[in-house]
Amino acid sequence: MMIRQVTHGDFDRVVALLQQLWPGKRIQYDALLEVLEKYIEESNYWIYGYDEEGILLGIITVSLRWALVYEGKVAIIEDLIVDKDHRGKGIGRQLVRFVEDRVAVGGEVKVIELSSDLHRKAAHEFWEKCGYSKLAVQFRKEI
Ligand SMILES: CC(C)(COP(=O)(O)OP(=O)(O)OC[C@H]1O[C@@H](n2cnc3c(N)ncnc32)[C@H](O)[C@@H]1OP(=O)(O)O)[C@@H](O)C(=O)NCCC(=O)NCCS
């Protein structure tokens, strides 16, 4: 097992995992692949995968930005998915810990945040077990 950066060769598998996160969503593949490219290329966007014998069993994505309130940078965990057949084995927690260790390097990042849809009750329990507190309601408007 290793946690490693996702590469172009992983795209099909990454899309399959994202589909588990967004069941029923009509994915626009070209647009999605363009954004995946950004996560691979740009320094403020990260995408890591949990690789077991060449198969990605989970992925985590992160973006980094400045935040006045924290007088520093905030890391935002954007997507976390563990393959449905491999949940409950500690993979999600390992991916989160990996990101926590990485953001701690350099001291610029002061806090990690994420938002989770209200209906994802199980995920909320997971985040609390990982030491995250529930503290805001997110608003969204489609453009
Ligand atoms: C949420 C998710 C990433 C968790 O990954 P996982 O590998 O199954 O979780 P882990 O095995 O690392 O669990 C870590 C802790 O969270 C708890 N936990 C995990 N899933 C849970 C669930 N469905 N309900 C309650 N607690 C849960 C575990 O019991 C464990 O706690 P413990 O150490 O006290 O036993 C995974 O279930 C998933 O991909 N779900 C669908 C996508 C999703 O909701 N992503 C998050 C969007 S915000």
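One-based numbering, in listed order, for ligands and for the atoms of each. Reckoned from all heavy atoms, side chains included, excluding hydrogens, waters and symmetry mates.
Note: no N/O pair closer than 3.5 Å links Leu114 and ligand 1 by distance alone. At least one N/O-N/O distance between Val82 and ligand 1 falls below 3.5 Å.
Atom-to-atom distance recorded for Trp127:CH2 and Arg93:CZ is 11.0 Å, nearest 0.5 angstrom. Distance check, rounded to the nearest 0.5 Å: OG1 of Thr7 to CD of Gln5 gives 9.0 Å.
In summary, the atoms of ligand 1 found under 4.0 Å from a heavy atom of Gly92, numbered by their order in the structure, are 5 (O), 6 (P), 7 (O), 12 (O). The contact set between ligand 1 and Trp127, taken as ligand atoms under 4.0 Å from a residue heavy atom, comprises 48 (S). Close approach to Ala123 involves these atoms of ligand 1, each under 4.0 Å from a residue heavy atom: 44 (O), 46 (C). Every atom of ligand 1 with a heavy atom of Leu21 under 4.0 Å away is listed here by number and element: 42 (C), 43 (C), 45 (N). Below 4.0 Å from some heavy atom of Glu125 lie the following atoms of ligand 1, by number and element: 25 (C), 26 (N). Within ligand 1, counting atoms from 1 as listed, the ones closer than 4.0 Å to a heavy atom of Ser116 are 48 (S). Ligand 1 places these atoms under 4.0 Å from at least one heavy atom of Lys89: 11 (O). Per-residue contacts place Gly90 under 4.0 angstrom from the following atoms of ligand 1 (heavy atoms of the residue considered): 10 (P), 11 (O), 12 (O).
Shortest contact from atom 8 (O) of ligand 1 to any protein heavy atom: Gly88 N, 2.8 Å. The protein heavy-atom contact nearest to atom 20 (N) of ligand 1 is Phe126 CB, 4.4 Å. Protein heavy atom closest to atom 38 (C) of ligand 1, with residue, atom name and distance, is Arg87 NE, 3.3 Å. Regarding atom 21 (C) of ligand 1, its nearest protein heavy-atom neighbour is Ala122 O, 4.1 Å. Distance from atom 45 (N) of ligand 1 to its nearest protein heavy atom, with residue and atom name: Leu80 O, 2.8 Å.
Within 4.0 Å of atom 36 (C) of ligand 1, at least one protein heavy atom is present. For atom 2 (C) of ligand 1, no protein heavy-atom neighbour is present inside the 4.0 Å cut-off.
When all heavy atoms of Leu56 and Ile59 are compared, the closest pair comes out as CD1-CG2, 4.2 Å. Shortest non-hydrogen contact noted between Val82 and Arg87 is O-NE, 2.8 Å.
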Between Ile47 and Ile40, is the side-chain contact (heavy atoms from CB on, under 4.5 Å) condition met? List the steps.
CA-CA 7 Å; Ile47 178 164; Ile40 289 177; 4.1 Å; yes
Under the side-chain contact (heavy atoms from CB on, under 4.5 Å) criterion, do Glu78 and Leu114 qualify, and how do the steps go?
CA-CA 6 Å; Glu78 305 279 1; Leu114 62 107; over 6 Å; no
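Residue-environment remark: CD (Gln138) exceeds the threshold of 12 foreign heavy atoms within 6.0 Å. Counting non-hydrogen atoms of other residues, nucleotides and ligands closer than 6.0 Å to NZ of Lys89 gives a total above 12. Around atom CG of Asp30, no more than 12 heavy atoms belonging to other residues, nucleotides or ligands sit under 6.0 Å away.
When the options Lys129, Arg93, His86, Arg120 are ranked by their closest heavy atom to atom 33 (O) of ligand 1, first place goes to Arg93.
Side-chain contact between Glu37 and Phe11 is present, with at least one heavy-atom pair separated by less than 4.5 Å. In this structure, Val103 and Ile112 have side chains that are in contact, with non-hydrogen atoms separated by less than 4.5 Å.
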